[in-house]
Amino acid sequence: MSTAVTSEAVAVYAPSAETLGAVLARGERPRRPSAWSASVTFGWRAILKIKHVPEQLFDVTAFPIIMTLMFTYLFGGALAGSTEEYLQFLLPGIMVTSVVMITMYTGVGLNTDIEKGVFDRFRSLPVWRPAALVGMIFGDVLRYILAATTIMLVGLALGFRPDGGLPGVLAGVGLLVVFSFAFSWVWTMFGLFLRSEKSVMGVSMLVLFPLTFLSNVFVDPVTMPGWLQAFVQVNPITHLVAAVRSMMAGEWDTGEIGWVLAASAVLTLIFGPLTMRLYNRK
């Protein structure tokens, strides 16, 4: 009797030939996404993270505003005689400082995703392997543009008037974004081999503070001691600030602009492959 029941059950639940044929039929396999398409998709993921956690934008909105107001009204009268005159000198530099400082969050975010196991899943996908890293940096470019725009709007409200007009401002912001994109590869590398996000942030601040404060952002280097001027002159932030200032002033310094573009290319060519090597071996 049990044998009859079993046979009946098999007969009831056995799939038909048509069903098996539909399931096993080989359809056209989806095309593998291109490197650009995969990178843009991961970039969109980074933007969606901002949408769902908008407080992430604090560092690209409130921080630049505080920096601009604090240094303008705290040091403007003492260094230039008036806050308005000092603002014409300060604003391009404070824009560079604020945007370059937030590049470290690229490495912090990457390290967080690695610790949570998110990138283990990404590496198992049939896409161009560096797409997750490149896309993450693409998403951060939006943060750089937002920070630069915020500072410019605050500066205009305070009285900043760029002689280079809109073309000079756009060119200066564009050069700053290009350098920040290249510079963020440094922190991406740190995010891969350091053990925690606190370690990434600590190392980043240790590097960024001397670079941004020991430069021509806040004062003219001619007032500094000779030994400090030697460091300032080779500081990449000094060349970036000089280039952005010249663009916004309408007096394009091609030497400084060329130096920044060359430095951006070197940073990308050195730290991009190093980051990919660490990512593939991790």
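Side chains included, hydrogens not; waters and symmetry mates left out as well; all remaining heavy atoms used.
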Query raised in the report: Do the side chains of Val207 and Met104 join up, straight or via other hydrophobic residues, at under 4.5 Å, putting them in one cluster?
Result: yes
Query - Distance in Å, Met248 CE paired with Asp163 CG, rounded so as to fall on 0.5 Å steps - result: 12.0 Å
Query raised in the report: Are Phe42 and Trp128 an aromatic pair by the rule of ring centers under 6.0 Å?
Result: no
Requested in this report: Check Tyr86 against Gly76 and note the closest heavy-atom contact, atom names and distance.
Outcome: CD2-CA, 3.4 Å
Query raised in the report: Do side-chain atoms of Asn111 reach the backbone of Leu194 as a donor and acceptor pair under 3.5 angstrom?
Result: yes
Report task. Answer yes or no: is there a side-chain heavy-atom contact under 4.5 Å between Val177 and Val99? Result -> no
Report task. Of all the heavy-atom pairs spanning Val260 and Ala243, show the shortest one and how long it is. Result -> CG2-CB, 4.1 Å
Report task. Could you check if a side-chain atom of Tyr105 sits within less than 4.5 angstrom of a side-chain atom of Ser204, using non-hydrogen atoms only? Result -> no
Query - From Ile237 atom CD1 to Leu214 atom CG, the distance as rounded to the nearest 0.5 Å - result: 11.5 Å
Query raised in the report: Near Glu251 CD, under 6.0 Å, is it more than 12 heavy atoms from other residues, nucleotides or ligands?
Result: no
Report task. Could you pull out the closest heavy-atom pair between Ile151 and Met95, with the gap in Å? Result -> CD1-CA, 3.5 Å
**Report entry** Nearest-0.5 Å distance, CD1 of residue Ile94 to CD1 of residue Ile65
**Finding:** 12.5 Å
Query raised in the report: Is His239 reaching over with its side chain to a backbone N or O of Ile257, donor-acceptor style, under 3.5 angstrom?
Result: no
Requested in this report: For the residue pair Leu211 and Val100, establish whether any side-chain heavy-atom pair is separated by less than 4.5 Å.
Outcome: no
Report summary line: The residue among Thr106, Leu267, Thr103, Val141 that forms side chain to side chain contact (heavy atoms under 4.5 Å, CB included) with Phe181 is Val141
Query raised in the report: Would you call the rings of Phe183 and Trp187 parallel, tilted or perpendicular, where under 30° means parallel and over 60° means perpendicular?
Result: perpendicular
Report task. For residues Val217 and Phe213, determine if any side-chain heavy atom of one lies less than 4.5 Å from a side-chain heavy atom of the other. Result -> no
Requested in this report: Examine distances only and state if a side-chain atom of Ser215 and a backbone atom of Thr212 form a donor-acceptor pair shorter than 3.5 Å.
Outcome: yes
Report summary line: Applied to residues 199-216, the salt bridge (Lys or Arg N to Asp or Glu O under 4.0 Å) test, sequence neighbours excluded, yields none
**Report entry** Ser34 backbone acceptor or donor facing Ser37 side chain under 3.5 Å
**Finding:** no
Query - Intermediate values then yes/no, side chain to side chain contact (heavy atoms under 4.5 Å, CB included), Ile137 and Trp185 - result: CA-CA 8 Å; Ile137 297 176; Trp185 283 107; 3.6 Å; yes
Query raised in the report: Got a donor-acceptor contact below 3.5 angstrom from the Gln229 side chain to the Met224 backbone?
Result: yes
Query raised in the report: When you measure from the side chain of Gln88 to the backbone N and O of Gly159, does any donor-acceptor pair fall under 3.5 Å?
Result: yes
Query raised in the report: Stepwise, does the side chain to side chain contact (heavy atoms under 4.5 Å, CB included) test hold for Leu69 with Leu158?
Result: CA-CA 9 Å; Leu69 294 175; Leu158 295 178; 3.8 Å; yes
Query raised in the report: Can you tell me how far the OG1 atom of Thr72 sits from the CE atom of Met67, to the nearest 0.5 Å?
Result: 10.5 Å
Query raised in the report: Passes side chain to side chain contact (heavy atoms under 4.5 Å, CB included), Phe71 versus Leu91? Steps please.
Result: CA-CA 10 Å; Phe71 283 100; Leu91 192 121; over 6 Å; no
Query raised in the report: Transitively linked via ILVMFWY side-chain contacts under 4.5 Å: Phe193 with Phe122?
Result: yes
Query raised in the report: Does the gap between the ring centers of Phe218 and Phe75 come in under 6.0 Å?
Result: no
Query raised in the report: Can you name the side-chain contact (heavy atoms from CB on, under 4.5 Å) partners of Leu74, sequence neighbours left out?
Result: Met70
Query - Whether Asn216 side chain and Val241 backbone form a donor-acceptor pair below 3.5 Å - result: no
Requested in this report: Would you check if the side chain of Ser98 reaches a backbone N or O of Pro64 as a donor-acceptor pair within less than 3.5 Å?
Outcome: no
Query raised in the report: Which distance, rounded to the nearest 0.5 Å, do you find between the CZ of Phe63 and the OG1 of Thr61?
Result: 11.0 Å
Query raised in the report: Is there a chain of hydrophobic side chains (I, L, V, M, F, W, Y, each step under 4.5 Å between heavy atoms) that links Val96 to Ile66?
Result: no
Query raised in the report: What's the shortest heavy-atom distance between Tyr144 and Ser184, and which atoms?
Result: OH-CB, 3.5 Å
Report task. Apply the test side chain to side chain contact (heavy atoms under 4.5 Å, CB included) to residues Leu153 and Thr149: give CA-CA distance (whole Å), side-chain angles for both, the deciding distance (0.1 Å), then the verdict. Result -> CA-CA 6 Å; Leu153 292 177; Thr149 303; 4.1 Å; yes
Report summary line: Scanning both residues in full, the closest heavy-atom pair of Trp252 with Met247 reads NE1-O, 3.7 Å
**Report entry** Gly77 versus Thr83, closest heavy-atom pair with distance
**Finding:** N-CG2, 4.3 Å
Report summary line: One should read off an interatomic distance between Ser180 OG and Asp140 CG, to the nearest 0.5 angstrom, of 10.5 Å
Query - salt bridge (Lys or Arg N to Asp or Glu O under 4.0 Å) contacts touching residues 89-117 (sequence neighbours left out) - result: Arg45-Asp113, Lys49-Asp113
Query raised in the report: Do Trp227 and Val219 share a hydrophobic cluster, counting only Ile, Leu, Val, Met, Phe, Trp and Tyr and linking them when any side-chain heavy atoms are less than 4.5 Å apart?
Result: yes
Report task. Following the transitive rule for hydrophobic clusters with a side-chain heavy-atom cut-off under 4.5 Å over Ile, Leu, Val, Met, Phe, Trp and Tyr, establish whether Leu269 and Leu133 coincide in one cluster. Result -> no
Query raised in the report: Where the side chain of Thr238 meets the backbone of Val232, is there a donor-acceptor pair that is under 3.5 Å apart?
Result: yes
